[in-house]
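Encoded as structure tokens, here's the structure I'll be asking about.
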Amino acid sequence: MNILDTFKSRHLFEDMTSPELAKALDKTICVYAGFDPTNDSLQAGNFVTIMTLAHLQRAGHKVIALVGGATGLIGDPSGKSKERNLLDAGQVERNLEGIKENLSRFIDFDPASKNPAIMVNNYDWFKDFTFVDLLRDVGRYFRMGVMLGKDSVKKRMDSDDGMSFTEFCYQILQGYDFLHLYKTYGCVLQLGGSDQWGNITAGTELVRRMCGAEVYGMTFPLVCDSTGKKFGKSEGNAIFLDARKTSYYDFYQFFLRAHDADVIRYLKIFTFLTLERIAELEDSLNKAPERREAQQALAEELTRTVHGETGLAVAKKATQVLFGGSLEGLAASELENIFANVASATLPIEQVMNQPVSEVLSAAGMLSSKGEARRLMQQGGVYINNERVADAARSFGQTDLIEGRLAVIRSGKRNFFILKVSHGA
RNA sequence: GGUAGGGUACCGAAGUGGCCAAACGGGGCAGACUGUAAAUCUGCUGGCGAACGCCUUCCUUGGUUCGAAUCCAAGCCCUACCA
């Protein structure tokens, strides 16, 4: 099966700059996709890009992961309604390392292997580029009409916030990236989300004008869930690949909670499971949706890829405990392990013992005010060690502390908080 | 620089001297139901308080008034059109 067909059958294809791309992919070629160094960890929202690169590498193509150290300093206007906060150079540097580590869970960067991917940072070729150089050597190949016609520009110009010159120039820099990679590595294909179309074509056109060569762009659809929300956020928080930012448990849970309407599509996009296997899971989903086998398969596959068997085991164990009912029989240290990434606070014993629960929860910072805590308890939404707090006025007692030092507080079905107690000097 | 219109809670948006802690919608949170679902239904959504209530809020600073989100003045910021 041609790799393009693979993409098409897995919702990884939206558009391409030329049908010739199919032929080009019959040979081994060099491809790249960009990542923004806005954070030191990639997020679930980056999965699609990662997967398309991984598919290509598996098919034998040479893969370049470009990190936008320079472009990240500027900010891509595409799909943003507001100008982004600019990053400082030191932060970008730190973020690069994290990103490479994340990527290596999907893509092989090992120089010793047969077809290693490489990572490049566009800051390396932009840092010595002067403004005059840019205008003289690159700027003249960009036409105003085309630049102003880009969707990303038009939308922003029509918006209330307008657009700065800095952001407007973003497409020039990204276009130049492609030119540089073409000249340096013979790279002939850029991948990106459909919101990157304008930036990608800026590159293919620049290469054509300056080198007379045909290079290609391909986009994949932006993943949204069935309610139209952008994929990869859970209650407004991004799902990170770095376990220090998103725990094994939260990562696993995020995928486990995928909607029925989304899960099959997600399996195709985010896993390497065969289409046959996915068809089986779809069958199961239709016949017995309450078993959620498809969701489990999705969560397991991704957690295993990103966090290994160990991470998966922790996530499943935590899930079992938290949705299994009682916490009885679990040691405090075990709970601490399971809830390693859950928000927590430590209070001195005298601020906890025999104090009203509402007081304790707001002091610990779990809830923003005593009123909120009281309200939540009145509605039956607070649990201590998995037991509902029935009396909104009750106080914290000795029996609420496991081993005298820790309590698992929950609000609603799945928001956990660990309260630790310190025993003074 | 000129002219016009704006800045109200997480967002959108009413309110234009007292009945305003501030309508309504969205979002969010919780509960019931469920499959850790969707849909639906219920409650909540500035702080303190068990509660009558009290306190701090409607860009900022002053002012008018018994009383201001609402009127006046200055300032800051945003938007549109023009230059």
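Order of the sequence lines sets the chain letters (A, B, ...), proteins ahead of strands, with each chain counted from 1. All values derive from a computational prediction rather than experimental measurement.
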Exercise for the section: Provide, to the nearest angstrom, the distance between the CE atom belonging to A:M377 and the P atom belonging to B:C44. Expected result: 18 Å
Problem - 5′-ward residue of the pair A:R291/A:G371 relative to RNA chain B - result: A:R291
Practice task
Please state how far atom CD in A:E372 lies from atom C1' in B:A9, giving the value in whole angstrom units.
Solution key: 15 Å
Exercise for the section: Determine the Euclidean distance between corresponding P atoms of B:C78 and B:U8; express it in Å to zero decimal places. Expected result: 14 Å
Handout entry: For atom CD of A:Q296 and atom C1' of B:A37, their distance in whole Å
Key = 13 Å
Problem - Atom P, compared across B:G62 and B:U57: separation rounded to whole Å - result: 12 Å
Problem - B:G26 and B:C19, which share atom name P, separated by this distance in whole Å - result: 27 Å
Problem - Whole-Å C1' distance, B:A9 and B:C59 - result: 14 Å
Practice task
Measure from the side-chain heavy atoms of A:T319 and tell me the nearest of B:U34, B:A30, B:U36.
Solution key: B:U36
Exercise for the section: Hunt down the Watson-Crick or G-U wobble partner of B:U40, both distances under 3.5 Å, from any strand shown, or write none. Expected result: B:A32
Practice task
Classify the angle between the aromatic ring planes of A:H180 and A:W125 as parallel (below 30°), tilted (30 to 60°) or perpendicular (above 60°).
Solution key: parallel
Exercise for the section: Counting Watson-Crick and G-U wobble pairs only, both distances under 3.5 Å, name the nucleotide matched with B:C58, or none. Expected result: none
Problem - Whole-Å P distance, B:A38 and B:A32 - result: 15 Å
Practice task
Look through every strand shown and name the nucleotide pairing with B:A14 as Watson-Crick or G-U wobble, where both distances are under 3.5 Å.
Solution key: none
Handout entry: Atom-pair distance (CZ on A:R410; C1' on B:A30), nearest Å
Key = 12 Å
Exercise for the section: Select base, sugar-phosphate, or nothing to describe what A:R388 touches, counting heavy atoms under 4.0 Å on all strands. Expected result: sugar-phosphate
Problem - Spacing of the P atoms in B:U45 and B:G67 (rounded, Å) - result: 31 Å
Problem - Presence of A:K370 side-chain N/O under 4.0 Å of B:G47 phosphate oxygens OP1/OP2 - result: no
Problem - Atom-to-atom span, CZ of A:R374 to P of B:U45 - whole angstrom - result: 12 Å
Practice task
Before accepting this row, confirm whether a basic side-chain N of the pair A:E301/A:R277 lies closer than 4.0 Å to the acidic partner's carboxylate O.
Solution key: no
Practice task
Please determine, for B:G1, whether a Watson-Crick or G-U wobble partner exists with both distances under 3.5 Å, and give it or none.
Solution key: B:C82
Exercise for the section: Nearest-nucleotide wise, let me know which of A:G380 and A:Q295 is further upstream toward the 5' end of RNA chain B. Expected result: A:G380
Practice task
Return the nearest nucleotide to the side chain of A:R292; candidates are B:G43, B:G35, B:G49.
Solution key: B:G35
Handout entry: Rounded C1' spacing from B:U40 to B:U34 in Å
Key = 11 Å
Fill in the blank from the handout: pair_partner(B:A50), Watson-Crick or wobble, both distances < 3.5 Å, evaluates to none
Completion exercise
When rounded to whole Å, the CE to P distance for the pair A:M366 and B:A30 reads 10 Å
Handout entry: Base paired to B:G67 (Watson-Crick or G-U; both N/O distances under 3.5 angstrom)
Key = none
Exercise for the section: State which of B:G43, B:A38, B:U36 makes the closest approach to the side chain of A:Q379. Expected result: B:G43
Practice task
Send over the distance from A:L367 CG to B:C29 P, rounded to a whole Å.
Solution key: 13 Å
Practice task
Establish, with yes or no, whether the OP1 or OP2 oxygen of B:C48 is under 4.0 angstrom from a side-chain nitrogen or oxygen of A:S369.
Solution key: yes
Exercise for the section: Would you check if A:V146 and A:E205 make a side-chain contact, meaning some heavy-atom pair closer than 4.5 Å? Expected result: yes
Handout entry: base_contact_polar (B:U36 base, A:Q253 side chain, donor-acceptor, <3.5 Å)
Key = yes
Practice task
Return the orientation label for the A:F231 and A:F255 ring planes: parallel under 30°, perpendicular over 60°, tilted otherwise.
Solution key: tilted
Could you tabulate the donor-acceptor pairs under 3.5 Å formed by side-chain atoms of residues 350-368 of chain A, not counting sequence neighbours?
| unit_1 | atom_1 | unit_2 | atom_2 | d |
| --- | --- | --- | --- | --- |
| A:E359 | OE2 | A:K370 | NZ | 3.3 |
| A:S362 | OG | A:S358 | O | 3.4 |
| A:S362 | OG | A:E359 | O | 3.2 |
| A:S368 | OG | A:E372 | OE1 | 2.7 |

Exercise for the section: Find out whether the Lys NZ or Arg CZ of A:R58 is both under 6.0 angstrom from the six-membered ring centre of A:F272 and within 45° of the ring's axis. Expected result: yes
Problem - A:Q196 and A:T219: side chain donor to acceptor below 3.5 Å - result: no
Problem - B:G47 OP1/OP2 closer than 4.0 Å to side-chain N/O of A:R375 - result: yes
Practice task
Take the protein atom CD of A:Q320 and the nucleotide atom C1' of B:U36, then report the distance between them rounded to whole Å.
Solution key: 14 Å
Practice task
Hey, could you give me the NE2/CG distance between A:H55 and A:L4, rounded to the nearest 0.5 Å?
Solution key: 12.5 Å
Exercise for the section: Can you tell me, in whole Å, how much space there is between the C1' of B:A50 and that of B:U42? Expected result: 23 Å
Exercise for the section: Searching all strands shown, indicate the nucleotide that pairs with B:C20 (Watson-Crick or G-U wobble; both distances under 3.5 Å). Expected result: none
Exercise for the section: Could you tell me whether A:Y383 contacts a base, only the sugar-phosphate backbone, or nothing, with contacts defined as non-hydrogen atoms closer than 4.0 Å? Expected result: sugar-phosphate
